[in-house]
Amino acid sequence: MNLKVGDIITFERMFTKEDVGMFTKVSWDEGDHHIHPDEQGRLVIQGLLTATLPTKIGGENNVLARTMNFEFLRPVFTGDTILCEVRIEELEQKDNNRTSIMATFQCTNQNEKQVLKGSFAGIILSN
């Protein structure tokens with residue numbers, strides 16, 4: 001495992017109308033604002049689609065999540081570029097195959113406005 005307490009992992013993503021369409025089919029979150037563009041031609045991204053950004057750290061490190069806390073601060077629109085910053089707050093070896101992890105995160109848009117913040121905790125499973 002390459003993670004250490006204090007590590008900050010960053011990545012960014014721009015969401016598209018196709019992303020919203022696929023997530024709408026999977027989640028059944030069919031609010032009008034996710035289906036009908038605003039006067040600028042943008043759709044509002046589902047909150048839980050935005051929340052997939054901090055879970056990327058879990059996918060890359062074999063984390064089995066136990067808790068996830070999200071605070072949605074402002075809407076995200078198609079075409080927005082979101083920068084996600086995940087900070088490793090705690091790591092504790094449980095046994096040879098498991099390490100507990102707790103991390104905090106914040107996501108900001110291209111205008112440097114915070115759109116999402118929160119934390120997650122779980123177990124890193126080793127092979």
Side-chain angles (χ1 to χ4, degrees):
M1 179 177 66
N2 296 327
L3 296 175
K4 299 181 298 301
V5 171
D7 281 355
I8 297 175
I9 301 113
T10 61
F11 48 92
E12 65 180 23
R13 177 176 179 185
M14 183 186 74
F15 289 101
T16 66
K17 289 181 181 178
E18 291 77 21
D19 295 328
V20 175
M22 286 189 292
F23 195 81
T24 299
K25 286 180 184 174
V26 170
S27 68
W28 296 4
D29 184 350
E30 299 173 334
D32 284 344
H33 49 289
H34 302 314
I35 297 175
H36 302 292
D38 66 7
E39 62 281 348
Q40 297 173 7
R42 307 171 305 173
L43 297 173
V44 175
I45 306 299
Q46 288 94 339
L48 288 178
L49 178 54
T50 306
T52 63
L53 289 172
T55 66
K56 180 179 185 291
I57 185 75
E60 291 178 343
N61 291 282
N62 207 25
V63 173
L64 177 61
R66 291 199 169 158
T67 63
M68 302 173 101
N69 299 296
F70 303 106
E71 185 176 351
F72 301 96
L73 302 169
R74 51 177 45 86
V76 175
F77 298 92
T78 52
D80 284 354
T81 299
I82 307 301
L83 175 66
C84 184
E85 182 177 280
V86 177
R87 177 177 163 72
I88 307 303
E89 303 289 348
E90 297 175 16
L91 288 171
E92 182 182 344
Q93 188 71 38
K94 294 295 189 183
D95 59 35
N96 290 338
N97 295 325
R98 300 180 326 151
T99 302
S100 66
I101 183 173
M102 197 285 281
T104 57
F105 58 84
Q106 65 175 6
C107 298
T108 55
N109 65 19
Q110 67 278 1
N111 300 315
E112 299 181 4
K113 300 288 187 183
Q114 197 174 50
V115 298
L116 174 64
K117 67 180 182 176
S119 63
F120 66 86
I123 298 292
I124 299 174
L125 303 172
S126 302
N127 293 337

Any side-chain heavy-atom pair from [X] and [Y] closer than 4.5 angstrom?
X      : Y      : result
Ile45  : Asp80  : no
Val86  : Phe120 : yes
Ile101 : Thr99  : no
Leu64  : Arg66  : no
Arg98  : Leu125 : yes

Is [X] linked to [Y] within one hydrophobic cluster, defined over Ile, Leu, Val, Met, Phe, Trp and Tyr using a side-chain heavy-atom separation of less than 4.5 Å?
X      : Y     : result
Leu83  : Phe11 : no
Phe105 : Phe72 : yes
Phe70  : Leu49 : yes
Met68  : Leu48 : yes
Ile124 : Ile9  : yes

Verdict with supporting geometry, Lys4 and Ile88, side chain to side chain contact (heavy atoms under 4.5 Å, CB included): CA-CA 7 Å; Lys4 299 181 298 301; Ile88 307 303; over 6 Å; no

Residue among Thr78, Thr16, Asp19 satisfying side chain to side chain contact (heavy atoms under 4.5 Å, CB included) with Leu43: Thr78

Reference residue Val76; test side chain to side chain contact (heavy atoms under 4.5 Å, CB included); the match among Leu53, Ile82, Val44: Ile82

Measure the spacing between [atom1] of [X] and [atom2] of [Y] and express it to the nearest 0.5 Å.
X      : Y      : atom1 : atom2 : result
Asn109 : Leu116 : CG    : CG    : 11.5 Å
Ser119 : Glu71  : OG    : CD    : 10.5 Å
Gln110 : Phe77  : CD    : CZ    : 10.5 Å

Residue pair Thr108 / Gln114, side-chain donor-acceptor N/O under 3.5 Å: no

Under 3.5 Å side-chain donor-acceptor pair for Glu12 and Thr81: no

Residues Asn2, Asp7; criterion side chain to side chain contact (heavy atoms under 4.5 Å, CB included); working and verdict: CA-CA 10 Å; Asn2 296 327; Asp7 281 355; over 6 Å; no

Closest approach of [X] and [Y], non-hydrogen atoms and distance?
X      : Y      : value
Glu89  : Val5   : O-CG1, 3.5 Å
Ala121 : Met102 : CB-CG, 4.0 Å
Cys107 : Cys84  : SG-SG, 3.5 Å

Donor-acceptor pair, side chain of Lys17 and main chain of Gly41, under 3.5 angstrom: yes

Sidechain N-carboxylate O distance under 4.0 Å for Glu92, Lys94: yes

